**Q** 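Encoded as structure tokens, here's the structure I'll be asking about.
Bear in mind that the values here come from a model prediction, so they are computed numbers and not experimental data. Proteins get letters first, then strands, A, B, ... in listed order; numbering begins at 1 in each.
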Amino acid sequence: MNEDTNPASNTGANQEGNKNTEPKKDFAAPNIPAQLLKPYDPTEVEPRVQKQERESGFYNPDVCIKEGITKPDAPIYSIILPPPNVTGTLHMGHALGFTTQDIIIRYKRMKGFRTLWIPGTDHAAIATQSMVEKNIQKAEGKSRHDLGREELLKRVGEFAQQSRDTIVSQLQTLGASIDWSREAFTLDEERNFAVRTVFKKMYDDGLIYKKNRVINWDPKGQTTISDDELVYEDRKAKFYTFKYSKDFPIAISTTRPETKLGDVAVAVNPEDPRYKEFIGKEYSMDFCGAPIKIKIVGDHEALMDFGTGAVGITPAHSMTDYQIAQRHNLPMIQVIDEKARMMIGSPDIVGKKVAEAREVVVEWLKANDLLIKEEEIDQRISTAERTGGIIEPLPKLQWFVAVNKPFKLAHSDIKGIEAGTEVTLKEIMQKAVLGGQVEITPEHFLKTYFNWIDNLNDWCISRQIWYGHRIPVWYKGEEVYCGVEAPAGASTDADADAEAGADQWVQDEDTLDTWFSSGLWSFSTMGWPKQANDPTSDFSIYHPTDLLVTAHDILFFWVARMILMTGYVLGTVPFDKVLLTGMVRDIKGRKFSKTLNNGIDPKDIAQKFGMDAGRMSLIFGTAPGTDSKIDENKIKGYKHFANKIWNVTRFILTATENFHDTVHNGIGEDNTKISFTKDDLALIEKRNEIFRSISTNIDNLKIHIASEDLYNYIWKEFADIILEDSKNIFAEAIDAGDLAENTVGGEGGASEESIAKKNSRAKFLLETLAMIVKTLHPFMPHVTQEIWSLLPAKLKTRELIMTEQWPLI
RNA sequence: GGGCGAUUAGCUCAGUUGGUAGAGCAACUCAUUUACACUGAGAAGGUCAGGGGUUCGAGUCCCUUAUCGCCCACCA
């Protein structure tokens with residue numbers, strides 16, 4: 001398979017004679033590939049190399065084994081790609097993570113590992129649906145209800161497909177050596193089956209339950225969201241102090257007077273001398289047209305030194321109040337509906353939006369002389385991460401995952417948890433990491449991780465949207481059925497369900513939080529559950545995976561959920577190591593966001609500087625977990641670097657032109673056997689030391705240091721010192737050659753010595769060049785492949801450098 | 001309120017177990033059409049935020065202060 005890839009090498013006759021007389025002018029030497037004589041052009045090379053690599057099939061480990069590149073019993077190395085959301089396109093932040101993964105995957109592949117990298121995309125339920133809904137509303141003025149469930153899903157599906165196509169092409173532009181034959185989608189049929197299977201298991205174990213309680217309602221997205229999907233915004237707000245009525249003994253304060261129509265109690269601190277005497281008393285009155293009944297309760301939650309020391313309790317519209325109400329068995333009165341409009345009160349309040357109702361209530365308080373104080377305070381309000389809607393806490397019947405409920409874990413490979421013992425999901429998340437089974441880099445995120453788990457509450461998993469995994473639960477009158485498949489007689493038509501009669505099974509309307517399916521990603525992409533017991537399945541071979549590379553902003557959303565799900569379902573961990581990357585920011589230090597429209601498309605970088613340069617600039621000098629800024633000057637530097645290696649190659653091939661095809665056999669220019677000089681042996685030793693440490697650093701996930709060492713060796717050591725020095729050696733050999741020719745029977749000794757030096761150095765340069773190109777390949781796959789294709793055939797064992805063996809192993 | 005991180009050259013940032021402070025970019029001097037101007041050589045530039053401690057020795061470990069950033073939290 002070792003064809004001569006040097007297109008210029010068989011162009012026939014050359015003019016050897018010219019070489020020594022005018023060596024410097026003669027770059028167009030016939031032995032040197034024509035491409036090499038021009039500056040390196042990434043825009044031409046990169047797409048070609050990507051296509052060549054992809055079509056080779058070697059991204060797929062099965063092909064590597066079949067073609068003898070990887071041994072069948074080779075050690076395993078697997079990574080799953082964090083699936084990008086199908087809401088849009090990739091930016092340089094994604095590129096950092098993906099480049100990191102690609103570097104490690106290429107490195108491991110060259111080291112002989114059976115290497116798998118699985119791609120896919122995430123349906124990102126709320127984000128995607130709300131984006132499509134917005135587009136439809138804008139273009140056609142229709143809501144999702146105008147379209148119906150089926151039509152909307154069709155539209156969202158189309159959008160997702162387009163997004164997916166863009167993402168795939170972007171990943172290919174990055175040069176990601178990912179196995180496309182295994183591509184998955186969090187919402188495809190196989191993943192849906194995995195989701196249903198896990199849901200059913202959790203339901204049967206009593207870990208999934210349905211309950212009516214106060215949840216985070218997003219009036220804009222018309223759905224619940226989990227605690228983690230809240231984003232806080234600082235705002236100025238009016239803080240009102242007032243009494244419910246003239247006769248009421250205690251004043252309370254609030255920023256939301258309109259919710260007070262739903263108050264059922266006032267909590268005071270039981271130690272508070274001002275209010276002690278009122279505890280237990282009840283008062284009834286009219287408040288803005290709503291009859292309210294207020295009980296005074298003692299609760300330590302009420303702080304004596306805040307506000308008036310008394311809290312109005314609105315169980316239906318505040319998480320805190322809901323919890324206090326639970327403690328005191330208080331009723332819950334909902335006064336705000338799902339559209340954030342008032343449900344009760346006087347006629348000028350009912351139907352009004354909360355902000356308007358607030359004004360009306362304040363006016364009413366003033367008119368009745370009940371308002372005591374009005375001041376401005378700083379307030380944090382909750383908004384929905386995906387839609388930006390202001391969260392309205394509402395009581396709703398929702399599905400939850402119980403994180404503190406003990407259950408029996410049948411099988412366990414998790415250190416500290418014995419099979420068959422009772423554990424909670426929370427404990428699984430803790431112990432998988434505590435025992436070091438999952439290693440997190442940088443280490444300080446461990447504290448963040450445990451801190452989050454300590455404060456974790458039950459996970460609300462139901463969403464009132466249509467795009468997503470529909471909850472596999474069916475109702476018929478009072479009956480409830482949960483199953484992987486629909487019960488017999490259940491309607492399969494989504495829109496028809498709504499009108500189905502009481503004698504028919506009707507599926508739950510809600511869909512699951514997108515992170516429920518993402519949590520299964522490490523094994524749902526590998527054929528679980530259908531091929532779980534097949535020893536030849538990906539699941540049996542590649543799970544648990546070796547490494548997860550992701551940005552630190554989804555540590556809780558995703559990393560923790562994967563640990564939870566994998567621990568629960570399989571009794572093991574999803575990955576051995578987690579490498580958290582920092583966020584890539586724009587030049588002003590801002591996060592990339594759709595609203596700012598400041599995302600940088602990797603394709604633009606590829607156009608401008610070459611993707612290799614883009615990749616290096618993301619990696620170089622960027623410590624794990626540390627945020628970085630994208631800077632075009634930096635990228636430009638690595639474009640220069642690519643060109644540098646290009647020219648290094650040209651120089652070495654030109655300088656050794658006469659015998660670079662024989663050096664591999666140890667045959668020098670004068671047909672003598674080459675042996676290394678002392679100087680060159682020293683260079684080899686130093687070189688090998690540096691290259692070994694580069695390997696070690698990649699092994700330890702310190703690729704930013706590895707890339708720096710490599711860069712410095714190539715440019716500062718190899719090019720600036722060794723190549724410059726070599727010029728003298730080669731010049732001496734030429735002079736000596738001339739001298740020997742001109743002096744018949746003269747002293748050949750000097751000549752032989754300089755020729756021997758040249759031979760030694762030439763061998764060193766060619767071998768080192770091959771080594772440099774191989775070692776640089778994971779970082780800059782395109783330029784290295786192009787150089788590889790231009791190197792003398794005898795220096796290589798294979799056409800594609802990605803399948804060559806890593807140096808010095 | 002709790003937790004975490006950052007503070008190193010003009011700018012952007014590296015710095016593994018403590019052992020003489022590093023890179024890129026910018027700026028300065030010089031060289032040169034060279035394998036490469038997508039170049040080379042040289043010089044300059046730092047009380048490693050401040051203070052204290054441990055140590056023979058601290059950018060690195062401990063304490064503390066300040067500033068900035070992030071995450072979490074039920075102060076209505």
**Q** On a plain distance test, is the side chain of A/Glu724 in donor-acceptor contact with the base of B/A35 below 3.5 Å?
**A**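 Indeed there is one.
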**Q** To the closest 0.5 Å, what do you measure between CG (A/Leu710) and CD1 (A/Ile772)?
**A**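 CD1 of A/Ile772 is found 7.5 Å from CG of A/Leu710.
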**Q** Taking atom P of B/C13 as reference, at what distance in whole Å does atom CZ of A/Arg585 sit?
**A**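 One finds 10 Å between P of B/C13 and CZ of A/Arg585, rounded.
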**Q** Send over the distance from A/Phe556 CZ to B/C72 P, rounded to a whole Å.
**A**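 Whole-Å distance recorded here is 6 Å.
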**Q** Taking the side chain as every heavy atom from C-beta outward, state whether A/Asn269 and A/His300 have any atom pair closer than 4.5 Å.
**A**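 Yes, at least one pair of side-chain atoms sits under 4.5 Å.
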**Q** Rounding to a whole Å, what distance do you find between A/Lys447:NZ and B/C4:C1'?
**A**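 From A/Lys447 NZ to B/C4 C1': 8 Å.
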**Q** Using 0.5 Å steps for rounding, measure from the OG1 atom of A/Thr768 to the CD1 atom of A/Ile714.
**A**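 That separation rounds to 11.0 Å.
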**Q** Can you tell me whether the side chain of A/Lys644 and the base of B/C38 have a donor-acceptor pair closer than 3.5 Å?
**A**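 By the distance-only test, no, there is no pair.
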**Q** Would you mind reading off the distance between A/Glu375 atom CD and B/C75 atom C1', rounded to a whole angstrom?
**A**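 It is 14 Å, rounded to the nearest whole Å.
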**Q** Any base atoms under 4.0 Å from A/Ala719, or only sugar-phosphate, or nothing? Heavy atoms, all strands.
**A**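 A/Ala719: base contact, heavy atoms under 4.0 Å.
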**Q** How far, in whole Å, is B/C62 from B/U54 if one measures between their C1' atoms?
**A**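 Per the computed distance, 7 Å lies between those C1' atoms.
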**Q** Answer yes or no on whether A/Lys639 is positioned over the face of A/Phe609, meaning its NZ or CZ is under 6.0 Å from the six-membered ring centre and within 45° of the axis.
**A**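 No, A/Lys639 does not sit over the ring of A/Phe609.
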**Q** Write down the distance between NZ (A/Lys636) and C1' (B/G24), rounded to a whole number of angstrom.
**A**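 Interatomic distance, NZ of A/Lys636 to C1' of B/G24: 12 Å.
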